[in-house]
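The block underneath contains the structure these notes are about, expressed in structure tokens.
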Amino acid sequence: MLHRSHRNEIVANAAVFDAGWVPADFRSRDAELNTMATALEPILDGEPASGLFLHGPSGTGKTSSSQYLLEKLDEHAGHLETATVNCWSNHSRYRVLRRIVEAVDGPRARTRDHAAAALQERLADLETPTVVVLDEADQLDEPDVLYTLYELPALHVVATANTKADVLLGLDERIQSRLRTFHDVHFAPYTAAELDVILQQRVDHGLQPDVIEAAQVRQIARAANGNARDAIAALDGAAQRAVEDGAERIRDTHVETAIETASRAVRSETLDRLNDHQHAIYEIVAATEPASPGAIYERYADRMADPRSRRTVRKYLRKLEQYDLLVASGHAQAREYRLGPDAPRPS
DNA sequence: GCTCCACCGGAACGCCGGGTCG
DNA sequence: CGACCCGGCGTTCCGGTGGAGC
């Protein structure tokens, strides 16, 4: 943080590399945005619109597209409201409803009775149409909250997830079929050429002039496997390394080491969100995979001073599975846990 | 204005029924 | 059938937060 913006010869505007930064000339998902806008357009005329389901792998622009869309919709202030809920940090029914009420009434507005039921009643009374983005909706503890929102007349839901099945999993068939009326928008991995454009925007808005060569940007774009988040993290990492070296320009070695560590750094953000117990379990599986549930618990209880119960560890294992950090196979005694295919190897 | 209480959400727990493999 | 595992359910404890009472 310190000195980062002060006479930096490489970085002009560090905010450009933040996950939430969306360029004003966001053009990389024109087709998808058109589909989304068309689906939501009836709202402006006070007519019903279908919900939206944005699915595709991470780093393909689902969140950026929905944020960009909300910004455009906010220009119609008065006719409609918008709200964003990150379901990773707000995964309970109560938190989701609360976030939406806060977005609509302001953070200081408090209902007398702040129970989930009261929040829902408040939203049922809404008159202004409100577009709600549920980011990472597959992290919801109770996905039927989607249905709750769907049934509230003023709300229009835009849900984001890797796959639709991840979200609908565990919902009963009746609710699933209702939610199937959501309009699907698929986000495919970016091509290297598209990533090149996306990176060039960050170069133009975030770096000093002439500190990186076009060939270096192309190299980062090619290495990112269609994932914009990885690509941007690599570009940011290369710039950071050049700053640390006191270099006047970004060198090829900066690019190469940044590419190597970027995807791992992005993935380990997932690890950072785990508590100590979940972390220990993850490391045990990493060290002993394939690992049986019983053996995992024995080792875990042995290592920790205040181990959680078997029941809680089962919950943690399920959580780690949801995060794609672990995969489970087999049933009963044949049950085994392994690291997920893209899971970071702990050091 | 301050303190206390009542209520809520969330985490963790034990219990237990149901499923599956050997 | 027995051993093992999963996950739903009710309970308990804790921390936060308004509102009532002084």
Side-chain angles (χ1 to χ4, degrees), chain A residues 83 85-125 132 134-149 152 165-176 270-282 284-285 288-340:
Chain A
V85 182
N86 184 327
C87 298
W88 191 303
S89 40
N90 302 282
H91 43 82
S92 73
R93 175 186 197 79
Y94 170 79
R95 285 281 188 80
V96 169
L97 295 173
R98 173 130 193 152
R99 283 279 304 156
I100 299 170
V101 169
E102 280 176 4
V104 172
D105 291 341
R108 303 203 50 77
R110 301 243 182 268
T111 43
R112 193 179 106 70
D113 176 12
H114 61 281
L119 295 171
Q120 189 174 329
E121 279 172 33
R122 166 71 193 103
L123 294 176
D125 291 338
V132 178
L134 289 185
D135 213 5
E136 303 190 65
D138 49 346
Q139 296 304 327
L140 288 170
D141 296 334
E142 303 153 285
D144 63 329
V145 70
L146 258 176
Y147 183 65
T148 303
L149 301 181
L152 297 173
D166 286 344
V167 182
L168 301 182
L169 201 71
L171 289 175
D172 71 57
E173 193 53 43
R174 190 180 56 87
I175 292 181
Q176 282 199 33
T270 309
L271 286 185
D272 290 344
R273 305 200 226 190
L274 304 181
N275 67 34
D276 290 348
H277 297 271
Q278 293 164 336
H279 223 274
I281 292 164
Y282 179 71
I284 287 166
V285 176
T288 63
E289 64 173 342
S292 73
I296 291 171
Y297 189 80
E298 292 307 313
R299 279 182 168 256
Y300 159 79
D302 206 41
R303 181 202 289 206
M304 303 299 279
D306 54 339
R308 299 277 189 264
S309 69
R310 288 192 141 80
R311 180 68 189 92
T312 300
V313 168
R314 280 203 292 279
K315 274 194 171 176
Y316 287 167
L317 284 167
R318 189 158 162 61
K319 201 90 178 166
L320 294 171
E321 221 186 319
Q322 269 181 31
Y323 294 168
D324 294 324
L325 289 170
L326 300 182
V327 289
S329 61
H331 295 99
Q333 297 99 311
R335 187 74 160 184
E336 279 177 351
Y337 288 93
R338 290 181 170 77
L339 289 198

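Within every chain, numbering begins at 1; the chains are lettered A, B, ... in the order of the sequence lines, protein sequences first and strands thereafter. This one's a predicted model, so the numbers in the text were calculated from it and none came from an experiment.
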So, the side chain of Asn90(A) versus the backbone of Asn86(A): is there a donor-acceptor pair under 3.5 Å, distance only? yes
Interatomic distance, Gln322(A) CD vs dG7(C) P [rounded to whole Å]: 10 Å
Rounded to whole Å, please give me the gap between CD in Glu102(A) and P in dT17(C). 11 Å
What's Ser292(A) touching, base or sugar-phosphate or nothing? Going by heavy atoms closer than 4.0 Å. nothing
Any Tyr337(A) side-chain heavy atom under 4.5 Å of Ile281(A) side chain: no
Regarding Arg311(A), tell me which of base, sugar-phosphate or nothing describes its non-hydrogen contacts under 4.0 Å with the strands shown. base
With distance as the sole test, does Gln176(A) use its side chain to make a donor-acceptor pair with the main-chain N or O of Leu168(A) at under 3.5 Å? yes
Write down the distance between CZ (Arg95(A)) and C1' (dG9(B)), rounded to a whole number of angstrom. 9 Å
Kindly check if the number of other-residue, nucleotide or ligand heavy atoms within 6.0 Å of CZ (Arg299(A)) is above 12? no
Does CG belonging to Asp276(A) count more than 12 external heavy atoms closer than 6.0 Å? no
Side-chain contact, heavy-atom cut-off 4.5 Å: Ser329(A) with Arg338(A)? yes
Residue Tyr94(A), side-chain atoms from C-beta onward, closest of dG7(C), dG10(B), dA12(B): dG10(B)
Between dG10(B), dC6(C), dC13(B), which nucleotide gets closest to the side-chain atoms of Lys315(A)? dC13(B)
Please pick, from dG9(B), dC5(C), dG7(C), the nucleotide with the shortest atom-to-atom distance to any side-chain atom of Pro293(A). dC5(C)
Table of protein N/O atoms under 3.5 Å from nucleotides 18-22 of chain B N/O atoms:
from: dC21(B); atom 1: O2; to: Gln333(A); atom 2: OE1; distance (Å): 3.1
from: dC21(B); atom 1: O2; to: Gln333(A); atom 2: NE2; distance (Å): 3.0

Taking atom P of dC4(C) as reference, at what distance in whole Å does atom CZ of Arg310(A) sit? 10 Å
Of the nucleotides dC8(B), dG10(B), dG14(B), which one has an atom closest to the side chain of Ala115(A)? dC8(B)
Let's go through Leu149(A) and Leu134(A) carefully: what are the C-alpha distance in whole Å and the side-chain angles of both, what is the deciding distance for side-chain contact (heavy atoms from CB on, under 4.5 Å) to 0.1 Å, and is it a yes or a no? CA-CA 10 Å; Leu149(A) 301 181; Leu134(A) 289 185; 3.9 Å; yes
When we call it a touch if two heavy atoms are under 4.0 Å apart, what does Tyr316(A) touch: a base, just sugar-phosphate, or nothing? sugar-phosphate
When you check the phosphate oxygens OP1 and OP2 of dA12(B), does a side-chain N or O of Ser309(A) lie under 4.0 Å from one of them? no
Nearest-angstrom distance from the residue atom CG of Asp276(A) to P of dA11(B): 15 Å
Gap between atoms CG and P, on Asp306(A) and dA11(B) respectively (whole Å): 17 Å
Length of the CD-P vector between Glu321(A) and dG7(C), whole Å: 7 Å
Can you tell me if the side-chain N/O atoms of Tyr337(A) get under 4.0 Å from OP1 or OP2 in dC6(C)? yes
Can you tell me the distance, in whole Å, between the CZ atom of Arg93(A) and the P atom of dA11(B)? 16 Å
Picking from Tyr300(A), Tyr282(A), Tyr316(A), what satisfies side-chain hydrogen bond (donor to acceptor under 3.5 Å, both in side chains) with His277(A)? Tyr300(A)
Within the structure shown, what part of the strands sits under 4.0 Å from Arg335(A) by heavy-atom distance: base, sugar-phosphate, or nothing? sugar-phosphate
